[in-house]
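One structure below.
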Amino acid sequence: MTAPRTPSPDPRKVFGRLSLPERTFVTDALRTETVGGVLLLLAAVTALVWANVPALHDSYESVSHFHFGIGALGLDLSVAHWAADGLLAIFFFVAGIELKRELVAGDLRDPKAAALPVVAALCGMAVPALVYTFTNVAGGGSLAGWAVPTATDIAFALAVLAVIGTSLPSALRAFLLTLAVVDDLFAILIIAVFFTDDLNFAALGGAVAGLAVFWLLLRKGVRGWYVYIPLALVVWGLMYNSGIHATIAGVAMGLMLRCHRREGEEHSPGEHIEHLVRPLSAGLAVPLFALFSAGVTVSGGALADVFTQPETLGVVLGLVVGKTLGIFGGTWLTARFTRASLSDDLAWADVFAVATLAGIGFTVSLLIGELAFEGDAAMTDSVKAAVLVGSLVATALAAVLLKIRNAKYRRLTEEEERDEDLNQVPDIYEQDDPAYHLRMAEIHERKAAEHRRLAREKAAERDGLAEVPGRTGEDHDGPA
């Protein structure tokens, strides 16, 4: 049996139905990111408990600041530094693959479709930065942290969406996934451009040469982890010593992988590697980063200071207000001034709820906070506390909004999942396939024949019972 033809989504419909391959990819990604989000939450809670229980605080500081590595190579780093610069590079490697796949093989290969999440991501970064800037200009605070509220945490946001928004249309879920990936890419560019002080051009040249070798090996079809992993480590080490944040190496290598399938391939190299590395990223790298980054000392006074210091207040308002208005506004402007229109199945309230959820800024926001206020330990901890507070408020607001909207879409989800012909392909994707309608005709004919048989049996039973009171005979007046 030939595979059913999947109709292309209408690029003019904002959040229209996804194609079947894209929907399968989004479902798999959400499943892994949901587990990663739960682990991330557990790691963050563990860090807060570890850092705030007096008997454990010193041990947390000792472990976080314990140094190891090769000093001669400039890699004698603390545990917290290894987590932020090393493990997080794995996370951005996966993000680079995701972005490359969306742009060359996913629904975003159409520039018209790609414009929406890109515009939304840019607006979702610009508005929080403006909110932070205005807050600190008015309050006389430091503008160094303007980039802190610009990032969305993929793992946390998707975990909340998976738990609460179980019945939301898959297109909205894909929008958040793609938006967060694009958001992270721009966040890395911000780190590279604005938080790089001194450049070591020799090390940078070596990193670029290593990336060129990496690309050339991929083009030649060379295989083997024993080739690429040592090369990736060398590129990462050179990038770190160049003065540019080492996570740039991860996203660069991710973008180089081929993510379109060739004839005879079940999966592209990018899809295969992403499948292997994503659990390592979501299940180990990001939770360990959170464990050694979220351990800030939190007290009643510290939480109160979050709303009194302009820097921390700017972070909270940027995440809660700026992110929501930026993403929702960017999406609305795209629909208003282009030929795009909102899908008939959705309401703008759904977009607003998802935009609120994007205010969860954790992983990259904590990283940027460390870079923005490097050397000022007190302000770094305050900004981390502000990121935690802002993310918590955004989570609470999004949970309420998503819960309200979720109830409405249970029926829509059932419609998307219906598979009456039992061929493992949802019926909604087979409406243009003649073979599907022939199969459904056979199914309905069998059902109709069964109903006709039941109708005859019931009619016969009814007629038989109707004859009993009207019988005549010699014993008609006998006892019943």
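Because only heavy atoms are used, hydrogens play no part in the values below, and waters and symmetry mates are left out as well, while side chains stay in.
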OG1-CH2 distance between Thr334 and Trp332, expressed to the nearest 0.5 angstrom: 10.5 Å
Verdict with reasoning, Leu39 to Val286, per side-chain contact (heavy atoms from CB on, under 4.5 Å): CA-CA 9 Å; Leu39 293 175; Val286 175; over 6 Å; no
CG-CG distance between Leu238 and Leu73, expressed to the nearest 0.5 angstrom: 9.5 Å
Heavy atoms from other residues, nucleotides or ligands near NE2 of His67 exceed 12 (cutoff 6.0 Å): yes
Check: Leu48 and Leu388 side chains under 4.5 Å, non-hydrogen atoms: yes
From Leu87 atom CG to Leu284 atom CG, the distance as rounded to the nearest 0.5 Å: 6.5 Å
Minimum heavy-atom distance Leu257-Ile97, with the two atoms named: CD1-CD1, 3.5 Å
Any residue meeting side-chain hydrogen bond (donor to acceptor under 3.5 Å, both in side chains) with Arg223, in chain and number order, not counting sequence neighbours: none
Worked verdict on Val79 versus Ser64 for side-chain contact (heavy atoms from CB on, under 4.5 Å): CA-CA 5 Å; Val79 171; Ser64 296; 5.7 Å; no
Check: Tyr132 side chain, Leu313 main-chain N or O, donor-acceptor pair, under 3.5 Å: no
Trace of the side-chain contact (heavy atoms from CB on, under 4.5 Å) decision for Leu122 with Phe186: CA-CA 8 Å; Leu122 287 173; Phe186 283 115; 3.6 Å; yes
Other residues, nucleotides, ligands: >12 heavy atoms within 6.0 Å of Ile70 CD1: no
side-chain contact (heavy atoms from CB on, under 4.5 Å) assessment of Leu211 paired with Met256: CA-CA 9 Å; Leu211 289 173; Met256 289 182 182; 3.7 Å; yes
Any side-chain heavy-atom pair of Ser391 and Asp153 under 4.5 Å: no
Pair Glu274 + Arg101: basic N to acidic O under 4.0 Å: no
Phe289 and Leu366, any side-chain heavy atoms less than 4.5 Å apart: yes
Glu265 (side chain) donor-acceptor with Arg262 (main chain) under 3.5 angstrom: yes
Heavy-atom closest contact (Val131 atom, Gly318 atom, distance): CG1-N, 3.8 Å
Stepwise ring-ring contact (aromatic ring centres under 6.0 Å, His included) check, His81 with Phe66: CA-CA 10 Å; His81 213 161; Phe66 177 77; over 10 Å; no
Salt bridge (charged side-chain N to carboxylate O under 4.0 Å, His left out) partners of Glu61, counting only residues at least two apart: none
Any side-chain heavy-atom pair of Arg261 and Glu271 under 4.5 Å: yes
Inter-residue atom distance Leu357.CG - Thr152.OG1, 0.5 Å rounding: 8.5 Å
Side-chain heavy atoms of Val63 within contact of Phe292, under 4.5 Å: yes
With Trp82 via side-chain hydrogen bond (donor to acceptor under 3.5 Å, both in side chains) - residues at least two apart: none
Listed partners of Thr380 passing side-chain hydrogen bond (donor to acceptor under 3.5 Å, both in side chains), at least two apart: none
Heavy-atom pair of closest approach, residues Lys323 and Pro149: CE-O, 3.6 Å
Heavy-atom neighbours of Phe134 CZ exceed 12 at 6.0 Å: no
Partners meeting side chain to side chain contact (heavy atoms under 4.5 Å, CB included) with Ala44 (sequence neighbours left out): Ala294, Phe362
Ser281 side-chain N/O to Val277 backbone N/O, donor-acceptor pair under 3.5 Å: no
Over all atoms of both residues, closest heavy-atom pair of Leu77 and Trp236: CD1-CH2, 4.4 Å
Nearest-0.5 Å distance that lies between atom CG in Asp85 and atom CD1 in Ile248: 11.0 Å
Ring centres under 6.0 angstrom apart (Trp50, Tyr60): yes
Close side-chain approach of Leu218 to Trp215, heavy-atom, < 4.5 Å: no
Ring centroid separation Phe92 to His245 under 6.0 Å: no
Heavy-atom side-chain proximity of Phe93 to Thr247 below 4.5 angstrom: no
Whether Asn136 side chain and Glu311 backbone form a donor-acceptor pair below 3.5 Å: yes
Any residue meeting side-chain hydrogen bond (donor to acceptor under 3.5 Å, both in side chains) with Ser365, in chain and number order, not counting sequence neighbours: none
Short side-chain donor-acceptor distance under 3.5 Å, Ser293 and Lys384: no
Close side-chain approach of Val227 and Leu217, heavy atoms under 4.5 Å: yes
Spacing of Ser142 atom OG and Asp376 atom CG [to the nearest 0.5 Å]: 8.5 Å
Ring geometry between Phe328 and Phe352 (parallel below 30°, tilted from 30 to 60°, perpendicular above 60°): perpendicular
